[in-house]
Structure formats: C-alpha cells, structure tokens
Amino acid sequence: MVQAKSIVTRFAPSPTGFLHIGGARTALFNWLYARRHGGTFRLRIEDTDRQRSTNEAIEALIEGLTWLELGWDGEIVYQFARAQRHAEVAHTLLKQGLAYHCYATAEELEAMREAQKAAGKPVRYDGRWRDRPASDARPNVPPVVRIKAPQTGETVIADKVQGEVRFDNDVLDDFVLLRSDGTPTYMLSVVVDDFDMGITHVIRGDDHLTNAARQRQIIDSMGWPQPVYAHLPLLHGEDGAKLSKRHGALGIHEYEALGYLPEAMRNYLLRLGWSHGDDEVIATEQAIAWFDLEHIGRSPARIDLKKLDNLNGHYLRAADNERLADLLCALRRKKGQHVPGGQQRDLLVRAMNGLKERAKTMVELNDNSSFLFAPRPLSLDEKAAKILSPAARALLAKLAAALAATPWDAAALEAAVRAFAETEGVKLGDAAQPLRAALTGKGTSPPIFDVMAVLGREECLARIADQDGIR
RNA sequence: GCGCCCAUCGUCUAGCGGUCUAGGACGUCGCCCUUUCACGGCGAAAACAGGGGUUCGAGUCCCCUUGGGCGCGCCA
C-alpha cells in the first residue's frame, strides 16, 4: 500500500450555457466521492473559450450548484487566468523537443481534411511540420505549437468505469497545444490545471474518454502522475434522444421552479448510473457513506421525470413544515401570487401535515394549499361546483346549524358530522363532500375535519354560509 | 469513413459461471384501506437485442452482427 494520499476531485464546466442535468450529476459524483473520502472538491471554470464564455453562464453554474447544495472547497479556479502558466508548459515541451511549431494555415488544414475524407481515410493532422527544421519557418505566419505524440505503440487509460481502454497511437494525431496567438487549448489547460490543483480523481462525462488519451500524452511528456479516471456514461432525454435545449434539457436550477427539492434531485441523480443493491431512497448522508466508483453503471441512462416525482413526494412528506412554508412563500413570491404572512402563514404550517402528504412537487403543494387564504366567497372548481347541487346546499345549511354548537376540534367535528349523517339518513360522504367543496372550493383536499380545525369555527361557518343556498 | 464506449421489464437498475422458473424501484392495471385525493398494503402484466463459440453448466466469459452513443477543431 502506497502512502494514503488525500483525494481531490473537481467539477470543471465550461461557462457556455447553463448547468444541465448531466453536468449536475457529474458535479454530484465528484462531490460525493470527495466527501466520502474526506477529500477536497474543487470547482474550476473552464473559460478559455473567450468567444462563448459568459458571466451569465458562470452565475447560472454557481446558482445551480448552490441550489443542489454541492459546496466546493477553496477558491474557484478560473482557467483563463492561468493561461500564462499553461503556455509555459508548452514552451517547456518545445524546448525538450516534445512539441513543435506548425505553420500550416487554416486553409491548408481544411484542404487536408477534405482530401482525407474524400479518400476515405481517417481525418487527422498528418504531421506535415513535425520534422521540419526551424529554417523552414514561415516568417509571416504565426505558428501553433503541436505536441509530438508517439506514433507507434498505444496509449492506455485505466478507467474505473469503462475498464482498460486502449488507443493505437497512430490514430491519435499531433494536436494543438498553443494557438497561433499564444493562448493554450483546452487539452493543455486541463492537464496543467489538474496537475497544479493536485487532482487525484478525474470524474467526468464519457465524451471526454478519447480526450483522456491525448491528455495522457501531455502528462507523460511532462513526467507527471496520472490521475484516476472515471468516465460517466452520458444522460439522454426522456425520448432517448440526446440531451439538448430542445429536448427538455433544463438548467438544473429550473427544476426548483418546477417544484423539486434539492435532496430529491440529488437522490434521483445518484440513482442515474450508480446503484447500491436494491436501495432506492438514499439520503445524502447515506450516499456519502456508500458512494464508490465501482458501482457506476457503464450504459447511458434516460431521465425519467415520473421517478423524480415519486422521489420528490417522498422527500416532501419528510420535510420540515416550517421549511416547506418558507419554500412555498418564496415560490408564490416568484410567481407574483399573494404571499401569506402572519396568521395566514401559521394556518399554512398547521395544515402542512395534511397538505404535504398529497403533493409530489412544491407547485402541487402550492395549488393544493391556496384555498387556505383564498378570499371569500371561494371560487369553486369544476368538481366542487358539481358536488354543491341544490340538495347538497340544503343539506349544508342544516349541517351548519348542527355544527354551531360543536366544540371545534377534528375529533368532535367528525363525531358531529357522523351523527348528523346518521339522523339525516345519508352516507358520511354525502355530508363530507359538500362540506369539502364549500370549505376548500375543491373536490379534493386533506381530511376535511382537519381542515375545519385549522380554518377555525368562524371562517368555516362563513364559508359554509357562502354556499348553503340561503340568500 | 476511422477510433472508442455501451446493450437485463416502457424507464432506472440488481446480477460479478451453477442459489435466475432473472430480484427491486418508478410507471401501468386490479383489489384492499377510506369523507375526497394521497399515503399505505396486497396482487398482476412486463426484460436477459440476434447469432456463434468456451464450459459439465452462460444474463454472467470470448467473437461476430444489429442497434445506440461519443470523439476525430488554432471549441471545451
């Protein structure tokens, strides 16, 4: 056993768009792995593409991670700020003869690729400047720096998910390290940053698997240690198609607006590609204790919002009532709806047990709880209107009279209504449903006697009077 | 085109040569509970892509086919 080294992982998104669900999963896995081993989880913004990187995207990224509660350690590293150091490494390689100047123009390379394609040959840089003497340098063409990659043998990536992946070196070309303007490419920057940041485990999307081979060549040229790799299978949309803006690839933060809880999202994301036997509901603390690289699946997965709904319902029922009230108020504020405060908020908290039991999302919870502080007279939904037939209204009027003398708690109210139904010769539901419709304006609600207790005598009697057909 | 990766119910997955007449979860469909809706309980339908090997024995190992995905930029 070698000396136990502290684990360092990183999440390294490029700020060219929002953080989608695939990126969020990558972040989660890195975070989990670091936490599992008491290591460090770093955040690095790969903003070397100056054209496409935006501050809005950086903010969205941070907002997304913050919502998911995936806190990173230390300062955020901005890759572009380290360009100087990256170039330095390229120059070191140049000096050692492990990289070289290439004066080929974009047009020449384009022509080269066209010719290769036409001839049915693999498309890759043909090494035309690899062995040319410095005297061939074109005075008016700023050169790029290319790595002098091995042309024989193979480059092997020992991947924790995919196993041992081998690439013949003759299919890997001499890729660009430094652009003609002297700025580093992604391939170089990643390697240098990972080394400088002491990254021990690179957990990222499968789309980087072939890059890993190229990156390994840089690492080997520099004589640096290899990180452990784990390339995660990509995520697909519900229809099996690639995740894209058109295919329901929402920014992770938008799931908040859809009414999901971050802990539910974490649990859902965790099970997308990772398993622990038959366990499904895995709280974050448990996930930290269990997470490993060995049980990451190798095949791509589709997202399934139905399962997220189910999980969300689970976490919703387990959530603290005060917290849910806060979340609900925030949601209503964002939607421009009336925000309950003071007594109304108390009402909400007291009703929460019954409410959260029957909601899968915060949006649903909001819809189901709005009757609590809706202005009188309540507007009736379709089902409620149907329930409140003239006969039902008449019954309601009698019931109201019977209720006037009842102590206002759920048990006493239930007993009173049951007794009422019996003397009237109707089923309990015949009395309870009109009651529900009058009190909530809906056909469904939490147990009606609980609702009555929460709403209070005065409000209940008033709402019944609004509907009892007596003008 | 070249290279790489993947392949168990509709979906997420368990399975690491025999205990698989393939297990769990979501979803779907019944039934029960019940003042509505949920929750919960019980039950049902539902999968090893195809073909060759290896082996006494294959969902599990190898090969091919098919089907998906990713990569092949002076993008990341």
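Residue numbers start from 1 in every chain, and the chains themselves are labelled A, B, ... in the order their sequence lines are given, proteins ahead of strands.
Pair check for B:A25 finds B:U11; Watson-Crick or G-U wobble, both atom distances under 3.5 Å. When both pairing distances are held under 3.5 Å, B:U60 makes no Watson-Crick or G-U pair with any nucleotide shown. Remark: B:G3 base-pairs with B:C70. Criterion, Watson-Crick or G-U wobble with two distances under 3.5 Å. Nucleotide B:C16 forms a pair with no other nucleotide shown, judged by Watson-Crick or G-U wobble geometry with both contacts under 3.5 Å. In this structure, B:G30 and B:C42 make a Watson-Crick or G-U wobble pair, each of the two defining distances being under 3.5 angstrom.
Side-chain N or O atoms of A:Y268 include none that pairs as donor or acceptor with a backbone N or O of A:L305 at under 3.5 Å. Distance alone, capped at 3.5 Å, is enough to place a donor-acceptor pair between the A:N267 side chain and the A:E280 backbone.
Judged by distance alone with a 3.5 Å cut-off, a donor-acceptor contact links the side chain of A:K307 to the base of B:C12. Checked by distance alone, A:T210 brings no side-chain donor or acceptor within 3.5 Å of a matching partner on the base of B:C4. For B:G71, the base has no donor-acceptor partner in the side chain of A:D207 [N/O atoms by modelled type, under 3.5 angstrom]. Remark: the A:R436 side chain and the B:U35 base include a donor-acceptor N/O pair separated by less than 3.5 Å. In terms of polar N and O atoms assigned as donor or acceptor, the side chain of A:D47 never comes within less than 3.5 Å of the base of B:A76 in a complementary pairing.
B:A14 and B:C20 are spaced 12 Å apart, taking the C1' atom of each and rounding to whole Å. As rounded to the nearest Å, B:U13 and B:C48 have C1' atoms that lie 13 Å from one another. With both ends at atom C1', the span from B:U55 to B:U60 equals 13 Å, rounded to whole Å. Spacing between B:G69 and B:C74 at atom C1', rounded to whole Å, works out to 28 Å. Between B:C56 and B:A49, the two C1' atoms lie 28 Å apart (nearest whole Å). B:C26 and B:U35: their C1' atoms are spaced 29 Å apart (whole Å). Taking atom P in both B:C63 and B:C6, one finds a spacing of 11 Å when rounded to whole Å. Taking atom C1' in both B:G51 and B:C9, one finds a spacing of 23 Å when rounded to whole Å.
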Show the numbers, then the answer: is there a side-chain hydrogen bond (donor to acceptor under 3.5 Å, both in side chains) between A:R436 and A:Q433? CA-CA 5 Å; A:R436 185 188 318 281; A:Q433 276 303 84; 2.7 Å; yes
Pair A:W274, A:F291 - check ring-ring contact (aromatic ring centres under 6.0 Å, His included), show working. CA-CA 8 Å; A:W274 182 84; A:F291 189 73; 5.5 Å; yes
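In this structure, the nucleotide among B:A7, B:C70, B:A76 sitting nearest to the side chain of A:L234 is B:C70. The side chain of A:T185 approaches B:C74 more closely than any other nucleotide in the set B:C74, B:G10, B:A14. For A:M187, whose side chain is taken as the heavy atoms from C-beta onward, the closest listed nucleotide among B:C2, B:A76, B:C5 is B:A76. Side chain of A:S299, nearest nucleotide from B:C6, B:G69, B:G3: B:C6. The side chain of A:S14 has B:A76 as its nearest neighbour among B:G10, B:A76, B:C2. In this structure, the nucleotide among B:C6, B:C39, B:A14 sitting nearest to the side chain of A:E357 is B:C39. The listed nucleotides are B:G27, B:G24, B:A76; the one nearest the side chain of A:K360 is B:G27. Distance from the side chain of A:Q162 is smallest to B:C6 among B:U13, B:G27, B:C6. Looking at the side chain of A:R214, the nearest of the listed nucleotides B:C72, B:C6, B:U13 is B:C72.
Remark: P of B:A76 and CD1 of A:I218 are 12 Å apart, rounded to the nearest angstrom. For A:I282 and B:A14, the CD1 to C1' distance is 12 Å, given to the nearest whole Å. Note: CD (A:E280) to C1' (B:U13) measures 7 Å, nearest angstrom. At whole-Å resolution of the value, CG in A:L308 and P in B:G27 are 12 Å apart. Between the OH atom of A:Y268 and the C1' atom of B:C12 there is a distance of 7 Å, rounded to whole Å. Computed from coordinates, the A:W274 CH2 to B:A14 C1' distance equals 13 Å when rounded to whole Å. Separating the CG atom of A:D173 from the P atom of B:C74 is a distance of 9 Å, rounded to the nearest angstrom.
Residue-level contact check: A:R52 touches the bases, meaning some heavy atom is under 4.0 Å from a base atom. Heavy atoms of A:A104 sit under 4.0 angstrom from at least one base atom. At a threshold of 4.0 angstrom between heavy atoms, the contacts of A:V123 include nucleobase atoms, whether or not backbone atoms are also involved. At the heavy-atom level, A:I448 lies under 4.0 Å from base atoms of the strands shown. Heavy atoms of A:G313 sit nowhere under 4.0 angstrom from any nucleic acid atom. Residue contacts shown for A:F175 are absent, as no nucleic acid heavy atom lies under 4.0 Å away. Base engagement by A:P446 is indicated by at least one non-hydrogen atom pair under 4.0 Å involving a base atom. As judged by a 4.0 angstrom heavy-atom cut-off over every strand, A:T444 is placed among the base-contacting residues. Among the atoms of the strands shown, only primed sugar atoms or phosphate atoms (P, OP1, OP2) are found under 4.0 Å from some heavy atom of A:S275. Within 4.0 Å (heavy atoms only), A:K117 reaches no atom of the nucleic acid at all. As judged by a 4.0 angstrom heavy-atom cut-off over every strand, A:S445 is placed among the base-contacting residues. As judged by a 4.0 angstrom heavy-atom cut-off over every strand, A:V176 is placed among residues touching the sugar-phosphate backbone only. Contact annotation for A:P300: backbone-only contact, meaning every heavy-atom pair under 4.0 Å involves sugar-phosphate atoms and none involves a base. Residue contacts for A:D181: at a heavy-atom cut-off of 4.0 Å it reaches no nucleic acid atom on any strand shown.
Taking the side chain as every heavy atom from C-beta outward, A:L395 and A:L399 never approach each other to under 4.5 Å.
The aromatic rings of A:Y33 and A:H201 sit tilted, their planes meeting at an angle between 30° and 60°. In this pair, A:H231 and A:Y229 present their aromatic rings parallel. The plane angle is below 30°, not in the 30 to 60° band. Ring planes of A:W290 and A:H276: parallel class, angle under 30° (limits at 30 and 60°).
In this structure, A:I45 and A:P15 approach most closely via the heavy-atom pair CG2-CG, 3.5 Å.
Nearest-nucleotide mapping onto RNA chain B: of A:L209 and A:E414, the residue sitting toward the 5' end is A:L209. Each of A:N310 and A:V141 was assigned the nucleotide of RNA chain B with the nearest heavy atom; the assignment lying further toward the 5' end belongs to A:N310.
The side chain of A:R146 places an N or O atom within less than 4.0 Å of a non-bridging phosphate oxygen (OP1 or OP2) of B:C74. Checking the phosphate oxygens (OP1, OP2) of B:C72, no side-chain nitrogen or oxygen of A:R113 falls inside 4.0 Å.
Side-chain contact annotation: A:D193 with A:H86, donor-acceptor N/O pair under 3.5 Å present.
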